[in-house]
Structures are given as C-alpha cells and as structure tokens.
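Following: one structure in structure tokens, then a few remarks.
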Amino acid sequence: MLLLLLVAVLFSGCLANELEPYNLTAQQMFLANDFNGDGKFERAELDLSFYIYDSEPLDGIISRLEYTSYINKTTPTLYNLSHELYDLYDIDNDNFLEKHDYDAFFKLMDYDENSWISEQEFVHYWGILLESLGHLIDVGGTK
Ligand SMILES: [Ca+2]
Ligand SMILES: [Ca+2]
Ligand SMILES: [Ca+2]
Ligand SMILES: [Ca+2]
C-alpha cells in the first residue's frame, strides 16, 4: 500500500514532511487504492495494491526484502517508514506477507465489519497511523 503513499508524495511540494497533512494523504491513498472507483475499498483491492512488490521470487508472497528494497529504490526517503509498515502488515511476524496477513490487516481497518472499507474508515485508520509514524520519514538529513 505504500505505492499509494508514493502517489500522495508526488502531490505534495512540502519537504518538511511529505505526508502532511495526514488526513489529506489518507484521503488520496483511499482514492488511489479504490481501483474500480466505487467508493469502497475491498479485499481484492488490497491484494492489487501489494502485487507490485512481488518480484524475486515471483511467488505471490512478499518478503521483507522485496518490499523494503522496492521502496528504497523508488522513494528512499520512505525507507525507514517501509520497515514499520511491513511490521504492521505482517500480522504474524514471520517476515512474509501472505493472504492471511492481508485478511487480518483488512479486518483492522474494517471497523463496522461489513467486509468493505469506507473512505471514512480508511482515513480514520491511516490518519492515526501516519501521525504516529510520520517522524520516520527522512526529510533530508534534518530528522
Ligand atoms: Ca472499490
Ligand atoms: Ca515474492
Ligand atoms: Ca506473515
Ligand atoms: Ca466497513
């Protein structure tokens, strides 16, 4: 899902913290993750947002190395943050992201347990999360 963070970063010209304001970033992430644009973030769309990180080996499983090295290559300022996010996604802490991790992570965001994430649920979850992790973003030697 960091892919969407990256999209948000491109929209922001402020180097102090590329992801502020967090609510706005979370909203942009929601729009970018809602691939079919129906206003709902669904379980299948969570899978889609992770496909891009699956590289070597291409096996449907995303290792910590696959995830963090992709981020480091594309957006080095988010490298520290990428490790924290990986810990978050990897619910069972085995250093591999698999279907059961996504299932559990999806449930965390689905406050009313109706099996899809509304913009409100998404922004609420990510707003809090980004606020607590924002200090990890490398803003160019001034952190
Ligand atoms: Ca959707
Ligand atoms: Ca893989
Ligand atoms: Ca795991
Ligand atoms: Ca819901």
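Just follow the structure's listing: the first ligand is 1, and inside any ligand the first atom is 1.
Residue Gln120 places its CD atom among 12 or fewer non-hydrogen atoms of other residues, nucleotides or ligands, all under 6.0 Å distant.
Distances from the Ca ion (ligand 4) show that Ile117 has no N/O/S atom below 3.0 Å. One of the N, O or S atoms belonging to Asn114 lies under 3.0 Å away from the Ca ion (ligand 4). The Ca ion (ligand 4) lies at 3.0 Å or more from every N, O or S atom belonging to Glu113. In summary, no N, O or S atom of Leu97 is located under 3.0 Å from the Ca ion (ligand 3). For residue Glu56, no N/O/S atom approaches the Ca ion (ligand 2) to within less than 3.0 Å.
Looking at Asp110 and the Ca ion (ligand 4) together, the shortest N, O or S contact belongs to OD1. For the Ca ion (ligand 2), the nearest N, O or S atom contributed by Asp54 is named OD1. The Ca ion (ligand 3) lies closest to atom OD1 when only the N/O/S atoms of Asp94 are considered.
Computed with the Ca ion (ligand 2) at the centre, the Glu66 OE2 to Asp59 OD1 angle is 160°, stated to 10 degrees. Angle OD1(Asp101) to the Ca ion (ligand 3) to OD1(Asp90): 90° [nearest 10 degrees]. An angle of 170° is found at the Ca ion (ligand 3) between Asp92 atom OD1 and Phe96 atom O, rounded to 10°. Vertex the Ca ion (ligand 2), arms ending at O of Pro57 and O of Ile61: the angle is 160° after rounding to 10 degrees. Geometry at the Ca ion (ligand 4): OD1/Asp112 and OE1/Glu121 form an angle of 120°, nearest 10 degrees.
In this structure, the side chains of Leu78 and Ser82 stay at 4.5 Å or more apart for every pair of heavy atoms.
Minimum heavy-atom separation, Ile91 to Ala104: CG1-CB, 3.6 Å. Nearest heavy-atom pair, Asn36 versus Asp38, reported as atom, atom and distance to 0.1 Å: OD1-OD1, 3.0 Å.
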- Message: Does Arg64 form a salt bridge (charged side-chain N to carboxylate O under 4.0 Å, His left out) with Asp87? I'd like the steps, not just the answer.
- Response: CA-CA 9 Å; Arg64 180 180 293 271; Asp87 288 340; 2.5 Å; yes
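Below 30°, between 30° and 60°, or above 60°: for Phe30 and Phe122 the angle between ring planes is above 60°, a perpendicular geometry.
When ring centroids are compared, Tyr102 and Tyr89 stay outside the 6.0 Å threshold.
In the hydrophobic clustering of ILVMFWY residues, with side-chain heavy atoms under 4.5 Å counting as a link, Leu24 and Ile128 come out apart.
A salt bridge does not link Lys99 with Asp47: every distance from a Lys NZ or Arg NE/NH1/NH2 to an Asp or Glu carboxylate oxygen is 4.0 Å or more.
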